[in-house]
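As the structure lists them, so they are numbered: ligands from 1, and atoms in each ligand from 1. Since this is a predicted model, take the numbers as computed values, not measurements.
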Amino acid sequence: MNITYYGHSCFGVEVNGSHLLFDPFITPNKLAEGIDITGIKADYILVSHGHEDHIADAVAIAERTGAKVVCAFEILAWLNKKGIVNTHPMNIGGKWKFDFGNVKCVAAAHSSSLPDGTYGGNAMGFIIESKEGNFYFAGDTALTYDMKLIGNYRTIDFAFLPVGDNFTMGVDNAIIAAEFINCRKIIGMHYDTNEMIKIDKKDAVRKFENAGNELILFDIGETKKITA
Ligand code: NI
Ligand code: MN
């Protein structure tokens, strides 16, 4: 699958010809100044929770592309009020078949409110199941023992995990999360965007290596082909 990083926790993933965009937060991100959001392809926008640093550009990109936004019901109501009506509501534990594959929503230990303070429902993670492989996008979350269920439920070929600490789990807990979900190929996210989530990237990669896992860190704007 071709994966492009747009900074913070925002990734574009091409699955079976569909462009999935996760947690669009680009224009307020100084590190992502080089990204032009009008050039980003999206057939689906998946929003893990309502915080500004995951939804900032969702309305603009959904308006331009007509992409279907997949998110918690409470976020859908907020988007509807902003004129975004091509939406699909989900909640933790639920699975739905889309044309590219299945999306299953899983628990994230985090909070969720929209930028204007509106209640955002529960923060979630997503498991994407497709003919090209399965992956887990954790969103913002702490390490939880429930992650073992994800590893038992499906073969996870690669996973997006937050590694920045302070607001989410950090590198050491993400290494344990990788064990729990039984996945060796981890793509790091939610780091370096501000002072509170700065990481030592070389050290993080080494720590994962020592644990027998691979931590993949993208440059912003970079596209890599990640295979199952
Ligand atoms: Ni958050
Ligand atoms: Mn966040």
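Residues C71 and I45 have side chains not in contact (no heavy-atom distance under 4.5 Å, counting atoms from C-beta outward).
The Ni ion (ligand 1) has an N, O or S atom of H51 under 2.8 Å away, backbone or side chain. The Ni ion (ligand 1) has no N, O or S atom of D53 under 2.8 Å away, backbone or side chain. At a cut-off of 2.8 Å, H51 does not coordinate the Mn ion (ligand 2) through any N, O or S atom. Among the backbone and side-chain atoms of H190, an N/O/S atom is found under 2.8 Å from the Mn ion (ligand 2).
Ring-centre distance between F11 and F22: not below the 6.0 Å cut-off. In this structure, H51 has its ring center no closer than 6.0 Å to that of F167.
The Mn ion (ligand 2) lies closest to atom OD2 when only the N/O/S atoms of D53 are considered. When you scan the N, O or S atoms of D140 for the one nearest the Ni ion (ligand 1), you land on OD2.
Draw a line from the Ni ion (ligand 1) to NE2 of H110 and another to NE2 of H49, and the angle between them is 100° (to 10°). Take the Mn ion (ligand 2) as the corner point: the lines to NE2 of H54 and to OD2 of D140 open at 90°, to the nearest 10 degrees.
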- Message: Assess the residue pair N29 and H8 against the criterion (side-chain hydrogen bond (donor to acceptor under 3.5 Å, both in side chains)); give the C-alpha distance rounded to whole Å, side-chain angles, the decisive distance to 0.1 Å, and a yes or no.
- Response: CA-CA 8 Å; N29 182 1; H8 200 52; 5.5 Å; no
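The pair D157-K185 fails the salt-bridge criterion, with no side-chain N (NZ, NE, NH1 or NH2) lying under 4.0 Å from an Asp/Glu carboxylate O.
In terms of heavy atoms, F25 sits closest to A56 at CD1-CB, 3.7 Å.
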